Amino acid sequence: MAYDLEEQERLDDFKAFWNKHGNTILTVLTVVLLAVAAWRGWAWYESNRSARAAAVYHQLKVAVDEADAERIRSTAQVLRKDFSATAYARMGSLVAAEAQAVAGANDAAIENLRWVVDKGGDEIFVLVARLRLASLLIESQAWDEAARVLDVETPSAFAGLYADRRGDLAMAQGRKDEARAAYGKALETLGPATPIARLVQLKLDSLGSTGTGS
C-alpha cells in the first residue's frame with residue numbers, strides 16, 4: 001500500500017506540473033515541429049524549383065543549338081521571370097545573349113546582359129555579363145553607358161580583360177593614347193603567353209607608336 005501511495009503522490013505531482021506547464025510545453029513542441037516541417041518543405045521547394053529551372057535551361061540550350069531565335073527569347077524570359085533567384089537564370093541570360101549577339105540581335109542580347117548586371121548575385125556571372133555588355137554597347141556607340149559598365153573594381157583574374165575592354169572603348173572614341181595605356185595594362189596583367197594577350201598585342205600594334213596620333 002505504501003508503494004501505491006508513493007505512486008499516487010508522483011502522479012499527483014505530475015498532474016500539478018502538467019496543469020501549470022503543459023500548455024507551454026505543447027506550444028514549444030508545436031513550434032519546433034512546425035519549424036522542422038517548414039524547413040523540410042522549403043528544402044523540397046528549393047530542390048523542386050531548381051529541377052524545374054534546370055529543365056527550362058535545357059530547353060534554352062536546345063533552342064540555341066537549333067538557332068531558334070523566338071524560343072531563345074521566350075525561354076530566357078521564363079528563367080528571368082519564374083526562376084530569377086537561381087543560377088540557371090543568370091546562366092540562361094548569358095547563353096541567350098551570346099546566341100543573340102552572334103545572330104545580330106544586339107538589343108535582345110543587351111537586355112539579357114543588363115538583367116544579369118542589375119540582378120547581381122554571383123560575382124563571376126556579373127563580371128562576365130559586364131564585359132559582354134560593354135562590347136555590345138561600344139559596338140552600338142553607347143559609350144557613356146559602356147564606361148559606366150566597366151567602371152568597377154575587379155579581381156585580378158578579370159583585371160586584364162577589363163583593361164582590354166577599356167582600351168576598346170578608348171580606341172572606338174579615337175582616344176589613342178588612352179587606348180595604348182589600357183592595352184599596355186592589359187598585357188601586363190594577362191601575361192604574354194595567353195591567346196587573349198596576343199590579340200591585345202595586335203590591337204596595340206595597330207595603334208602605332210606613341211605620338212603618331214591621339
Side-chain angles (χ1 to χ4, degrees), residues 57 60-61 63-69 72-73 76 87 89-214:
Y57 179 76
L60 172 61
K61 294 283 287 183
V64 169
D65 291 341
E66 296 177 354
D68 188 329
I72 291 172
R73 184 201 64 78
R90 290 157 181 77
M91 291 190 298
S93 290
L94 289 173
V95 168
E98 181 70 16
Q100 289 161 339
V102 169
N106 284 4
D107 288 345
I110 286 172
E111 178 185 352
N112 274 300
L113 294 170
R114 279 177 178 156
W115 183 86
V116 177
V117 172
D118 292 342
K119 191 67 178 177
D122 190 292
E123 182 185 31
I124 300 300
F125 291 148
V126 175
L127 288 169
V128 170
R130 283 182 178 275
L131 277 174
R132 295 182 180 177
L133 177 58
S135 293
L136 294 177
L137 293 171
I138 292 168
E139 186 177 333
S140 301
Q141 298 187 5
W143 294 327
D144 289 343
E145 184 180 354
R148 290 193 299 272
V149 167
L150 293 171
D151 187 22
V152 292
E153 293 186 8
T154 60
S156 58
F158 281 83
L161 297 173
Y162 270 72
D164 172 51
R165 200 66 82 249
R166 293 186 187 104
D168 292 344
L169 174 59
M171 186 163 66
Q173 294 177 291
R175 296 183 282 111
K176 293 185 178 180
D177 287 341
E178 291 183 32
R180 288 189 193 93
Y183 289 143
K185 183 177 180 180
L187 286 173
E188 291 174 6
T189 308
L190 291 168
T194 63
I196 296 175
R198 289 195 286 271
L199 177 59
V200 175
Q201 185 64 59
L202 288 174
K203 295 177 185 178
L204 186 56
D205 291 343
S206 73
L207 290 170
S209 60
T210 304
T212 59
S214 59

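Small disclaimer: the values here were computed from a predicted structure and weren't measured.
- Of the inter-residue distances, the one linking R130 atom CZ with S135 atom OG reads 13.5 Å to the nearest 0.5 angstrom.
- Here the CG atom belonging to L190 is positioned 11.5 Å from the CD atom belonging to Q201, to the nearest 0.5 angstrom.
- What you find for G167 and A179 is that their closest heavy atoms are O-CB, 3.6 Å.
- Across A146 and L169, no two heavy atoms sit closer than the pair CB-CD1, 4.2 Å.
- K185 NZ: 12 or fewer foreign heavy atoms inside a 6.0 Å radius.
- Residues N112 and L94 fail the side-chain proximity criterion, which asks for heavy atoms closer than 4.5 Å.
- A 4.5 Å side-chain heavy-atom check between Y183 and M171 finds at least one atom pair inside the cut-off.
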Requested in this report: Determine, stepwise, if the pair R132 / L136 fulfils side chain to side chain contact (heavy atoms under 4.5 Å, CB included).
Outcome: CA-CA 7 Å; R132 295 182 180 177; L136 294 177; 5.8 Å; no
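- Residues E145 and S140 have side chains not in contact (no heavy-atom distance under 4.5 Å, counting atoms from C-beta outward).
- At least one side-chain heavy atom of D164 sits less than 4.5 Å from a side-chain heavy atom of K203.
- For the pair R165/D168, a side-chain contact is recorded, criterion being any heavy-atom separation below 4.5 Å from C-beta on.
- Environment of CG in D118: crowded, with over 12 heavy atoms of neighbouring residues, nucleotides or ligands closer than 6.0 Å.
- Taken from CG in L207 to CG in L202, the straight-line distance is 11.5 Å, to the nearest 0.5 Å.
- No side-chain heavy atom of V117 sits less than 4.5 Å from a side-chain heavy atom of V149.
- When all heavy atoms are compared, the tightest approach of A163 to A182 is O-CB, 3.4 Å.
- A pairwise comparison of heavy atoms in A96 and L60 identifies CB-CD1, 4.3 Å as the closest pair.
- How far CG of L127 is from CZ of F158: 5.0 Å, rounded to the nearest 0.5 Å.
- The environment of CD in E153 is sparse: at most 12 heavy-atom neighbours from other residues, nucleotides or ligands sit within 6.0 Å.
- The side-chain heavy atoms of R180 and L204, taken from C-beta on, include a pair separated by under 4.5 Å.
- Looking at heavy atoms from C-beta onward, L137 lies out of side-chain contact with R148 at the 4.5 angstrom threshold.
- With rounding to the nearest 0.5 angstrom, the CD atom of Q100 is 9.0 Å from the OG atom of S93.
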